[in-house]
Amino acid sequence: MRRGIFILGLLALAGLVGMSGWLGGTSSLGQPPKPFLIVVDAGHGGEDTGAIGLAGLIEKNLVLDIVRLIQIKALNEPKLKVWLTRQEDKYIAPKDRIALANAQKADLYISVHANYASDPFVRGIETLIHESASAASKAWAQALQQKLIEETSAKNRGVKSAPLYLRDAQMPAALVEVGFVTNPEEANNLQQLTYQTAIAEAILAAAKDFLKIE
Ligand SMILES: [Zn+2]
């Protein structure tokens, strides 16, 4: 009889394990699947204004607006959790942003920036990765770049490698330059909520594709 109960217990356990597998979770028994964590960084902050553009457009404020939209949009995504490196106008050293993402064991890292050129005709979106980036970071950057171009119809400047602080990230990591604050058309677009929303949605869609979230 005791053995019978033991076997029943094993069967119940196997059932639970099976169910957890079916739900696609990697979490412990009886827990709902853990959402993926994406760390979203608004570049610059505080005394570090980033690029100063046309019509008073300031990079540090623009990118903060965009990452807040990403966070709001992600509330509709139960399988995705967004964590912002900064929620306010304050400076954080780049290496500390990466250290925070590593400590959180994030699944993805994205830093949002806007670009600057002395030539007002220069425009477009580009995604940067560290020059010795992993294949996963390259794939993440490609996914981001493609979605951003699809959603905004901006000029495609491609994925580029640069000597960036992203080197120490322990997860796929990329930096997007969402447009030139020095180009009249893009500076105007970047101040529109609809355009900022398109950028936020493209970034979330790229994350979902990359993480294979339906
Ligand atoms: Zn920047």
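This chain uses plain numbering: 1 for the first residue, then up along the sequence. In each ligand, atom 1 is the first atom listed, and ligand 1 is the first ligand listed.
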*Asks:* Classify the ring geometry between H113 and H44 as parallel (under 30°), tilted (30 to 60°) or perpendicular (over 60°).
*Replies:*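 Rings of H113 and H44: perpendicular, as their planes differ by over 60°.
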*Asks:* Do any of the N, O or S atoms of E59 sit under 2.8 Å from the Zn ion (ligand 1)?
*Replies:*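 Yes, since at least one N, O or S atom of E59 sits under 2.8 Å from the Zn ion (ligand 1).
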*Asks:* Check step by step if side chain to side chain contact (heavy atoms under 4.5 Å, CB included) holds for I38 and D107.
*Replies:* CA-CA 6 Å; I38 166 167; D107 296 290; over 6 Å; no
*Asks:* Quick one, F36 with L108, criterion side chain to side chain contact (heavy atoms under 4.5 Å, CB included). Give me CA distance, side-chain angles, the key distance, then yes/no.
*Replies:* CA-CA 8 Å; F36 289 101; L108 281 179; over 6 Å; no
*Asks:* As a test of reading the structure, name the N/O/S atom of H44 that is nearest the Zn ion (ligand 1).
*Replies:* NE2
*Asks:* For the Zn ion (ligand 1), which N, O or S atom of H113 is at the shortest distance?
*Replies:*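 In H113, the N, O or S atom with the shortest distance to the Zn ion (ligand 1) is ND1.
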*Asks:* Please check if the side chain of E177 supplies one atom and the backbone of N115 the other of a donor-acceptor pair under 3.5 Å.
*Replies:*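 Here the side-chain-to-backbone pair exists.
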